[in-house]
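Everything below concerns the one structure shown next.
All residue numbers in this chain count up from 1 along the given sequence.
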Amino acid sequence: MEQDLVSVDGKNSRAVLCQRCGCRVLSAGVATLAKRELLLPSMRKKSSLSESSSPDCELLAEHWLVHDMFTFENVGFTKDVGSIKYLVCADCEVGPIGWHSLEEKSNFYVALERVRHE
């Protein structure tokens, strides 16, 4: 992770964008850096995320944490996959870029490796 992505107060110092289409997912200064290992399926279109029974997965450990879904500028959610909803780009529907557990109602995670920063 690049050090200039995190401000002194632990927030994202730059806007968070979709890697594919450049859509703004989060504005600067609204998310906190969180270290938590989460297993996310490989990137693909939203429709195949909720239909796939055993997708290829990747273990990711650094995420932007947001506590209110209305903090997002532009994000979509998959149908429930067990007790999880995956976050996808609202414009191009590629993802998952993040993860939301229905059991942790106020925690939304966006994987740093799945987005770009501006």
| Minimum side-chain heavy-atom gap L65-F108 below 4.5 Å | no
For H67, does its backbone N or O pair with a side-chain atom of S106 as donor and acceptor, under 3.5 Å?
no
Give a yes or no on whether F70 and F72 share a hydrophobic cluster (residues Ile, Leu, Val, Met, Phe, Trp, Tyr; joining criterion: side-chain heavy atoms under 4.5 Å apart). yes
- request: Please tell me if the side chains of M43 and Q19 come closer than 4.5 Å, counting only heavy atoms from C-beta onward.
  value: yes
Here the pair of heavy atoms bringing W64 nearest to G10 is CZ3-O, 4.4 Å
### Query
Can you hop from V16 to F77 via hydrophobic side chains spaced under 4.5 Å?
yes
Notebook entry, point to check: Does the T78 side chain pair with the main chain of Y86, one donor and one acceptor, at a distance under 3.5 Å?
Noted result: yes
Can you tell me if N12 uses its side chain to pair, donor with acceptor, with the backbone of A31 under 3.5 Å? yes
Closest non-hydrogen atoms of R20 and C92, given as atom of the first, atom of the second and distance, are NH1-CB, 3.3 Å
*Between V25 and E73, is any pair of side-chain heavy atoms under 4.5 Å apart?*
no
Output for pair (D56 CG, L40 CG), nearest 0.5 Å, gives 13.0 Å
Between V110 and L26 the two heavy atoms that sit nearest each other are CG2-CD1, 4.4 Å
Margin query: Quick one, E104 with R36, criterion salt bridge (Lys or Arg N to Asp or Glu O under 4.0 Å). Give me CA distance, side-chain angles, the key distance, then yes/no.
Written below: CA-CA 14 Å; E104 296 178 34; R36 179 175 177 180; 3.0 Å; yes
**OP:** For L60 and R114, run side chain to side chain contact (heavy atoms under 4.5 Å, CB included): C-alpha distance rounded to whole Å, both residues' side-chain angles, the deciding distance at 0.1 Å, then the answer.
**Re:** CA-CA 9 Å; L60 301 171; R114 299 282 178 97; 3.7 Å; yes
Those residues at least two apart in sequence (or on a different chain) that pass side-chain hydrogen bond (donor to acceptor under 3.5 Å, both in side chains) with D68 are none
dist C23:SG -> E93:CD (nearest 0.5 Å) comes out at 11.5 Å
In this structure, CD of E37 is separated from CD of E62 (nearest 0.5 Å) by 11.0 Å
Ignoring hydrogens and angles, write down the donor-acceptor pairs under 3.5 Å from the side chains of residues 94-103, residues two or more places apart or on other chains.
residue	atom	partner	partner atom	Å
H100	ND1	N107	O	2.9
S101	OG	E103	N	3.1

Quiz item: Is it the case that S42 and E58 place a side-chain donor and acceptor less than 3.5 Å from each other?
Solution: no
Sorted by chain and residue number, the salt bridge (Lys or Arg N to Asp or Glu O under 4.0 Å) partners of E113 (sequence neighbours excluded) come out as none
- Answer yes if L112 and L17 sit in the same cluster of Ile, Leu, Val, Met, Phe, Trp and Tyr residues linked by side chain heavy atoms under 4.5 Å apart, and no otherwise. no
Is there a side-chain contact between D4 and R14, using heavy atoms and a 4.5 Å cut-off?
yes
Nearest heavy-atom contact between R24 and A15 is NH1-CB, 3.1 Å
For S13 and S7 the tightest heavy-atom approach is CB-N, 4.1 Å
Exercise. Can V81 be reached from L38 by stepping across I, L, V, M, F, W or Y side chains whose heavy atoms are under 4.5 Å apart?
Worked result: yes
